[in-house]
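Since we're looking at a predicted model, the values are computed, not measured. Residue indices begin at 1 and follow the sequence shown.
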Amino acid sequence: MRNAYRPLTRRGLLTGTLGSAALLAAGGTLAGCGTPGAQQTEAGCVSEDLSGTEKTLAFSNWPQYMDVDDDDASKRPSLDSFVGDSGIQVTYTEDVNDNNEFFGKVQNQLAACQGTGRDVMVLTDWMAARMIRLGWIQRLDKSKLPNVEANLLPSLRNRPFDVDNHLAVPWQSGLAGLAYNGRVTKEIRTVDELLTRPDLKGKVTALTEMRDTVGLLLMSNGHNPADFTANQFDDALNKLKKAVSSGQIRRFTGNDYAPDLAKGDIAACIGWSGDIIQLGFDDEQIKFVVPDSGVTLWSDNMLVPNKATHKGNAEALMNHYYEPAIAAQLAAYVNYICPVQGAQEEMEKIDPELAANPLIFPDEAILSKARVFMALDEQQEREYETKFQQVIGA
């Protein structure tokens, strides 16, 4: 099954408006960070698991991030099969519209060691890292996750914010790299080309997501976004600033670059793999490029918050989605990187063309160039976001 290009994709929703970022940049307090009593510990905030007697599960996810039956939009085949196999009744809610907005929904309860009414929530790496840092996430029992242990992609193991893989299980992943419209420009291969090539002047956009834009620039300077210094961050930002000052970059965007790229109003950009896959369904001249210096790899993660009372049921759900056939069923709908080894072979049975798509099933050549952005502490997050927002004019 394939999606037509959706004007508002899940990754675009991730970035949301600049409101929360601008508040951060203006020196506003990072929500929940530094608030008295916000930090919790495993010993100080103990959760009770009632999964043995209560076969229910509350699952919060992003919109358009679950497979839907072509003929009946009320049916979610991969989730329905979990319910049928496990007997666990799932309340599925699409109430994660923006990482910061969702943080605001749950921060008061989690800061006070109270339940949120959710057993599983799906959040992006950096927000997962923040909640883990605050001690708001329950540790998972690996013995109940044999499929995750066996099938999680090596590139998504031992991430900086979850080095022992006990807290966050990737739902879907994606890449930030370069994209261009071959109808209006020649091929682009490097970040430096994007930022300096004369024929692209004024026809380029970059992303308002700091970790993706700066991550690519760090790599273009030979630095690792998973482990960089403040000086290296400043060097990358200065490179971006020059491209802004020269007029090379037209503007900074969420995923609203996609229609402009499709129409040829912009020639090239920093973009997200899921968007470009969907644009490519309609126009094969729109290409995603993995620059030689590398791409950023991000994930949205399944997390069990403190005081969730059905952790065992949540672990069963996670394990279900790491069955390769189920993972392929989901990936055929959402078109992001499938984090499950073995799913590519299963995708062959569903859609051989999708199975061959390196933006859904990246090969080792791509994964070897992919880096996860470094986990930031509160001070770094404020400082780096502030500097970035000043450069992009938000």
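- Under the 3.5 Å distance criterion, the side-chain polar atoms of Asp275 are left unmatched by any main-chain donor or acceptor of Ala258.
- Among the candidates Tyr333, Tyr92, Phe82, the single residue satisfying the side chain to side chain contact (heavy atoms under 4.5 Å, CB included) test with Arg76 is Tyr92.
- Linking ILVMFWY residues whenever their side-chain heavy atoms come closer than 4.5 Å, directly or via other members, places Leu156 and Ile132 in the same cluster.
- Put simply, the side chain of Asp212 never gets that close to the backbone of Gly215: no donor and acceptor are under 3.5 Å apart.
- Residues Phe281 and Leu330 are members of one and the same hydrophobic cluster, defined by side-chain heavy-atom contacts under 4.5 angstrom among Ile, Leu, Val, Met, Phe, Trp and Tyr.
- Between Thr185 and Arg197, some side-chain heavy-atom pair lies under the 4.5 Å cut-off.
- Here the options are Arg139, Lys142, Arg159, the test is salt bridge (Lys or Arg N to Asp or Glu O under 4.0 Å), and the partner is Asp164; only Arg139 passes.
- Residues Glu383 and Asp377 fail the side-chain proximity criterion, which asks for heavy atoms closer than 4.5 Å.
- For Lys55, the NZ atom sits in a packed shell: over 12 heavy atoms of surrounding residues, nucleotides or ligands are nearer than 6.0 Å.
- Glu42 CD: 12 or fewer foreign heavy atoms inside a 6.0 Å radius.
- Listed for the Thr253 side chain is no donor-acceptor partner under 3.5 Å among the backbone atoms of Asp256.
- Val340 and Leu367 fall into different hydrophobic clusters, where Ile, Leu, Val, Met, Phe, Trp and Tyr residues are linked whenever their side-chain heavy atoms come under 4.5 Å apart, directly or through other members.
- Of the candidates Tyr336, Phe373, Trp171, Trp126, Tyr336 is the only one forming a ring pair (Phe, Tyr, Trp, His ring centres under 6.0 Å) with Trp298.
- Leu216 has its side chain within reach of Ile270: a pair of non-hydrogen atoms, C-beta onward, lies under 4.5 Å apart.
- Within the 3.5 Å criterion, the main-chain N or O of Arg371 finds no donor-acceptor partner in the side chain of Thr296.
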>> Go through it in stages, so that I can follow the logic: the residues are Thr91 and Thr56, the test is side-chain contact (heavy atoms from CB on, under 4.5 Å), and I'd like the CA-CA distance, side-chain angles, deciding distance and then a yes or no.
In response: CA-CA 8 Å; Thr91 301; Thr56 62; over 6 Å; no
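- Across every non-hydrogen atom of Glu315 and Asp141, the tightest pair is OE2-N, 2.8 Å.
- With rounding to the nearest 0.5 angstrom, the CZ atom of Arg211 is 11.0 Å from the OH atom of Tyr384.
- In this structure, Tyr322 and Pro339 have side chains that are in contact, with non-hydrogen atoms separated by less than 4.5 Å.
- Rounding to the nearest 0.5 Å places CG of Asp235 at 13.0 Å from CG of Leu240.
- Residues Leu140 and Leu50 fall into different hydrophobic clusters, defined by Ile, Leu, Val, Met, Phe, Trp and Tyr side chains chained together at heavy-atom separations under 4.5 Å.
- Applying the 6.0 Å contact sphere to CD of Gln379 captures no more than 12 heavy atoms from other residues, nucleotides or ligands.
- Ile249 places none of its side-chain heavy atoms less than 4.5 Å from the side chain of Leu194.
- Between the side chain of Asp300 and the backbone N or O of Gln172, no donor-acceptor pair lies under 3.5 Å.
- Here the straight-line distance linking atom OG of Ser60 with atom CE of Met302 works out to 13.5 Å at 0.5 Å rounding.
- Comment: Asp234 engages Lys387 in a salt bridge, judged by a side-chain N to carboxylate O separation of less than 4.0 angstrom.
- Remark: Leu153 CG to Leu297 CG distance equals 9.0 Å, nearest 0.5 Å.
- In this structure, Phe252 and Leu207 approach most closely via the heavy-atom pair CD2-O, 3.7 Å.
- At a threshold of 4.5 Å between non-hydrogen side-chain atoms, the residues Cys338 and Gln344 do not count as touching.
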> Asn61 and Glu94: side-chain contact (heavy atoms from CB on, under 4.5 Å), yes or no, with the steps?
Replying inline: CA-CA 5 Å; Asn61 205 348; Glu94 295 181 333; 5.5 Å; no
> Can Val304 and Met318 be said to form a side-chain contact (heavy atoms from CB on, under 4.5 Å), step by step?
Replying inline: CA-CA 11 Å; Val304 178; Met318 295 173 184; 3.8 Å; yes
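- The shortest distance between side-chain heavy atoms of Arg189 and Val289 falls below 4.5 Å.
- In this structure, Arg130 satisfies the cation-pi test against Phe103, with its NZ or CZ atom closer than 6.0 Å to the six-membered ring centre and inside 45 degrees of the ring normal.
- Residues Met121 and Met131 are in side-chain contact: their nearest non-hydrogen atoms beyond the backbone lie under 4.5 Å apart.
- With Arg157 contributing its side chain and Asn165 its backbone, the two residues share no donor-acceptor pair below 3.5 Å.
- Among all heavy-atom pairs drawn from Leu195 and Ala243, the shortest one is CD2-CB, 3.8 Å.
- At a threshold of 4.0 Å, the pair Asp95-Arg118 counts as salt-bridged, since one of the basic side-chain nitrogens sits closer than that to a carboxylate oxygen.
- Counting only distance, with no hydrogens or angles, the side chain of Trp62 and the backbone of Val122 share a donor-acceptor pair below 3.5 Å.
- A salt bridge does not link Glu378 to Arg382: none of the charged side-chain nitrogens sits closer than 4.0 Å to a carboxylate oxygen.
- Between the Asp119 side chain and the Ala314 main chain, no donor and acceptor come within less than 3.5 Å of each other.
- Under the 3.5 Å distance criterion, the side-chain polar atoms of Thr124 are left unmatched by any main-chain donor or acceptor of Met127.
- Taking every heavy atom of both residues into account, Tyr180 and Lys186 meet most closely at CD1-O, 4.0 Å.
- In this structure, CZ in Arg250 is found 8.5 Å from OG1 in Thr205, a value given to the nearest 0.5 Å.
- No side-chain N or O of Ser299 forms a donor-acceptor pair with one of Asn301 less than 3.5 Å apart.
- Nearest approach of Asn313 to Ser51, heavy atoms of both residues: N-OG, 3.0 Å.
- For residues 218-227, the side-chain hydrogen bond (donor to acceptor under 3.5 Å, both in side chains) pairs, not counting sequence neighbours, are Ser220-Lys239, Asn221-Lys239.
- Judged by distance alone, the side chain of Lys201 and the main-chain N or O of Ser246 form a donor-acceptor pair under 3.5 Å.
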>> With side-chain contact (heavy atoms from CB on, under 4.5 Å) as the criterion, how do Phe288 and Ile277 come out once you've worked through the C-alpha distance, each side chain's angles and the decisive distance to 0.1 Å?
In response: CA-CA 8 Å; Phe288 185 84; Ile277 289 175; over 6 Å; no
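- By the criterion of side-chain heavy atoms lying less than 4.5 angstrom apart, applied directly or through intervening Ile, Leu, Val, Met, Phe, Trp or Tyr residues, Tyr257 is not grouped with Val184; the two fall into different hydrophobic clusters.
- For Arg183 and Asp283, the salt-bridge test passes: some basic side-chain N is under 4.0 Å from an acidic carboxylate O.
- Between Arg251 and Asp260 there is a salt bridge, with a side-chain nitrogen of the basic residue lying less than 4.0 Å from a carboxylate oxygen of the acidic one.
- Across all their heavy atoms, Pro77 and Lys75 have their closest contact at CD-O, 3.6 Å.
- Leu261 CG to Leu279 CG: the interatomic distance, rounded to the nearest 0.5 Å, is 6.0 Å.
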